[in-house]
Amino acid sequence: MRVAGLSFVLFGCAAYAAWTTLERSVETITAFAYGLTFLWVGWRLAGKRNQYRLLGLILVARGVFNLANGMDLVPTAFEVWFIWSFVIKASSMLCLIHAVQEKIQKRYTRAIDSLSKGFLVYDRNGRIRSANESCARLLGAPGVKQLLGTRIVDWLPSVGRRGVAAHFQRFADAARYPHVETVVVDVGGRALPLELIASPHYERGQLHCMMLVMDITERKNNDDLLQRAANFDSVTGLLNRHGLSGRLAAALAQARAEGSGCAVLFVDIDKFKRVNDSFGHGAGDQLLIQMAQLLRGMARDGDLLARFGGDEFIVVLQDLPLADVAAAATARGQQILRALNNGFQLSPQLITVSASIGVACYPGDGGDADALTRNADIAMHDVKKSGRGELRFFDPAMSAYARDALVIDGALRGAIQAGELSLVYQPIVDAASGGMDKAEALLRWHSASLGAIGPDRFIPVAEDSGLIIELGAWVLDEACRQLAGWRDSLPQLVVSINVSARQLLDPAFIGLVERALSANGLAPGRLELELTERVLISDGAQVRDALGRLRALGVSLSLDDFGTGYSSLSYLTQFQINTLKIDRAFVTDMVDSPRSNALVATIIAMGKSLGLQLVAEGVETAGQARALEAMGCHYLQGYHISRPVGAAALPLFARRDGAATVTAAAPAVLL
Ligand code: C2E
Ligand code: CA
Ligand code: CA
């Protein structure tokens, strides 16, 4: 009916227009054409049940006005004509703008509502301007409506007014990277860990803060799993080396504050290897478990117990009066040695073992965890050298390491000028295709006076003395120079270099990176920096800033030795890491230990869900390579693929048929 009615009106109007056409001016015809068009469009829009209805009605009015004008029915008084025309035109334009804006807003709201992550926008006063359903759910609000117009601090008290001001200050300072922080909110009596990522956002020309809100419960749970694996020994349940170092550092800080003493006992089971060889690894593990029980049985409140390595245990006695430290250590050491005389029942045999114990006391034998454990270790080795089954206190004269470090430090100072340093490169291959996409640069030192010294010996010394800054700058320059030299043979290769905490905290570091890249005409994406978790926790804000600037520059960041340190997945997003390198220890144990296997699988799955590239280090067998590839690991690095090779051999490796070719083709350059 409506269509017929409309057709009738349109037909009538068209007939009238045709009839008058001959005598009418062009203006009249235009008025008719406009009128009919507006009438038709308005009629269609008015039938819709949305924001276009009002626009439709106004267009109908405008069409009628134009037709009436064409038929000379509009009053001729200019004022009346002007007002009609102006009011109708202006209101139809406003309605159109409003309708389009509403449509865009709706689309935008639908898009953010469909995001599984929480999302909100707030203004300079901290008032929430828009949000999505997920955000309301995460913040414990009944719905989006209840969030709008309220202040962000009402929902995220830990962000605080200062936090809001700080976000805007950062944006005003033109910080190009988003600010990430973790907060815990109480939602329905449940502590919910959230990650907030704040970035600048402009709305109608005004600066706002756009915040992504993510529930990181799953990541935290995985963190806990990794923390346990990283800090506790799986066989005995005691602390492991990393777990101990953090707790011992805390114990020493407390001792320093209270003026008390500590003793570190380094206990090494004598000839443990023989137990393993004669009775098997199962029996060896049993012995370690019983040893741990024995140490636990003697422990006082506050003692720290750790399995430091294979058959090495550490007992830390803390909170001792300074005058009693030596006596307490002697008493506990003797108690351990006596207990060992009773032997261990490793069914069906009873096995008796002895132990060598070295002791270092705080404050006399060292001020930090590393120095004390190292000195207790030195004392233990001193016992081993002169027979076994005894307890001995550390004496500075025993300190081979200290001497070693002094000699190394002295010789290293002239190493760069003397041209004693070189870089070798270890291929990192795509697990699926086998193509070499990356290589890790590793430093080598052939000292004229001391011979070849491994980085495990000289890097810690250089880190202690600060010389690492100079060495690191040399590595950076040399790696970039070499990369430019491979312009034709390896045009896509990415080279990763190891960066120590002191280098990263050096204010000149970013400038050095920029210069090394530009001087060699390299795109920043060709360089990757490998950092350890120790670096990341060393100075949160300063490190975050340095890493943010490096990322803004376009350099990739890789987290080295993952799984051995603090192993927090939260670092990964906070510090904008691109690549995760799963530590060799996990890869080595994968095939024998279901636990390591499960951990590697978890790290890979979590890493992938965070959009990271995964590299497995220390791949020594085809079995490990297959298992890692099946788990979805992206890259492999290790002796199975290739040992580190000299710069000349790397292009040969890239052209190889298989990893074995380079070993055969260039044995002289394998290092
Ligand atoms: P990293 O960064 O974890 O480097 C990997 C180490 O594992 C290298 O030892 C490499 O030769 C070794 N490796 C690679 N594949 C395998 C494998 O399949 N099995 C075994 N058993 N080992 C494998 P390297 O070259 O002795 O370096 C030792 C450490 O010294 C490095 O560990 C790194 O932390 C440090 N380092 C080396 N070069 C530099 C450098 O230029 N700067 C800094 N700051 N540290 C460096
Ligand atoms: Ca590395
Ligand atoms: Ca590593």
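Heavy-atom basis, side chains included; hydrogens, waters and symmetry copies ignored. Along the sequence shown, residues carry numbers from 1. Atoms within a ligand are numbered from 1 in the order they appear, just like the ligands themselves.
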Exercise for the section: May I ask you to check whether Ser496 and Glu530 show a side-chain donor-acceptor distance below 3.5 Å? Expected result: yes
Exercise for the section: Would you mind listing which atoms of ligand 1 come within a distance below 4.0 Å of any non-hydrogen atom of Pro644? Expected result: 11 (O)
Problem - Contact check, Lys581 vs ligand 1, heavy-atom distance below 4.0 Å - result: no
Problem - Flag for Asp285-His281: side-chain donor and acceptor within less than 3.5 Å - result: no
Exercise for the section: Would you kindly say whether Thr588 and Glu620 are connected by a side-chain donor-acceptor distance under 3.5 Å? Expected result: no
Exercise for the section: Measure from atom 42 (N) of ligand 1 to every heavy atom in Leu421, Asp583, Thr588, Asn498 and give the option owning the shortest one. Expected result: Asn498
Fill in the blank from the handout: Going by the 4.0 angstrom heavy-atom rule, the piece of Arg584 near ligand 1 is side chain
Exercise for the section: Answer yes if the side chains of Gln637 and Lys581 hold a donor-acceptor pair under 3.5 Å, and no otherwise. Expected result: yes
Exercise for the section: Can you sort out which atoms of ligand 1 are near Val475, meaning under 4.0 Å from one of its heavy atoms? Expected result: 41 (O)
Practice task
Output yes when a side-chain donor or acceptor of Glu420 lies under 3.5 Å from a complementary backbone atom of Ala448, and no otherwise.
Solution key: yes
Handout entry: Numbered atoms of ligand 1 (with element) below 4.0 Å of Pro455, judged on heavy atoms
Key = 24 (P), 25 (O), 26 (O), 27 (O), 28 (C), 30 (O), 37 (C)
Problem - Test item: side-chain donor near acceptor, Asp268 and Ser356, under 3.5 Å - result: no
Problem - Close-contact set for ligand 1 against Asp561 heavy atoms, below 4.0 Å - result: 3 (O)
Problem - Close approach, Gly618 and ligand 1, non-hydrogen under 4.0 angstrom - result: yes
Practice task
Work out whether the distance between some heavy atom of Gly454 and some atom of ligand 1 is less than 4.0 Å.
Solution key: no
Problem - Backbone N/O of Leu238 and side chain of Asp233: donor-acceptor pair under 3.5 Å - result: no
Completion exercise
Taking the Ca ion (ligand 3) as the apex, Asp560 OD1 and Glu617 OE1 span an angle, rounded to 10°, of 90°
Exercise for the section: State, with a plain yes or no, whether a side-chain heavy atom of Leu512 is found less than 4.5 Å away from one of Gln503. Expected result: no
Exercise for the section: Say whether Ile497 and ligand 1 are in contact under the criterion: heavy-atom distance to a ligand atom below 4.0 Å. Expected result: no
Practice task
Determine, using heavy atoms of Arg444 and all atoms of ligand 1, whether some pair is separated by less than 4.0 Å.
Solution key: yes
Handout entry: Distance filter under 4.0 Å to Val619 heavy atoms, resulting ligand 1 atoms
Key = 18 (O)
Exercise for the section: Please report the C-alpha distance between Glu440 and Asn498 in whole Å, then the side-chain angles of each, then the deciding distance to 0.1 Å, and finally whether the side chain to side chain donor-acceptor pair (under 3.5 Å) criterion is met. Expected result: CA-CA 8 Å; Glu440 177 175 0; Asn498 294 283; 2.9 Å; yes
Handout entry: Any non-hydrogen protein atom less than 4.0 Å away from atom 9 (O) of ligand 1
Key = no
Exercise for the section: Would you please determine whether His640 falls within less than 4.0 Å of ligand 1 on a heavy-atom basis? Expected result: no
Exercise for the section: Measure from the Ca ion (ligand 2) to every N/O/S atom of Glu440 and report the name of the nearest one. Expected result: OE2
Exercise for the section: Please indicate whether any nitrogen or oxygen in Tyr639 is less than 3.5 Å from any nitrogen or oxygen in ligand 1. Expected result: yes
Problem - N, O or S atom within Asp561 nearest to the Ca ion (ligand 3), by name - result: OD1
Handout entry: NZ/NE/NH1/NH2 to OD/OE distance under 4.0 Å, Arg413 and Asp409
Key = yes
Exercise for the section: State, with a plain yes or no, whether a side-chain heavy atom of Ile378 is found less than 4.5 Å away from one of Phe394. Expected result: yes
Practice task
Could you check which N/O/S atom of Glu530 is closest to the Ca ion (ligand 2)?
Solution key: OE1
Practice task
Check whether any side-chain heavy atom of Tyr635 sits under 4.5 Å from a side-chain heavy atom of Gln613, and report yes or no.
Solution key: yes
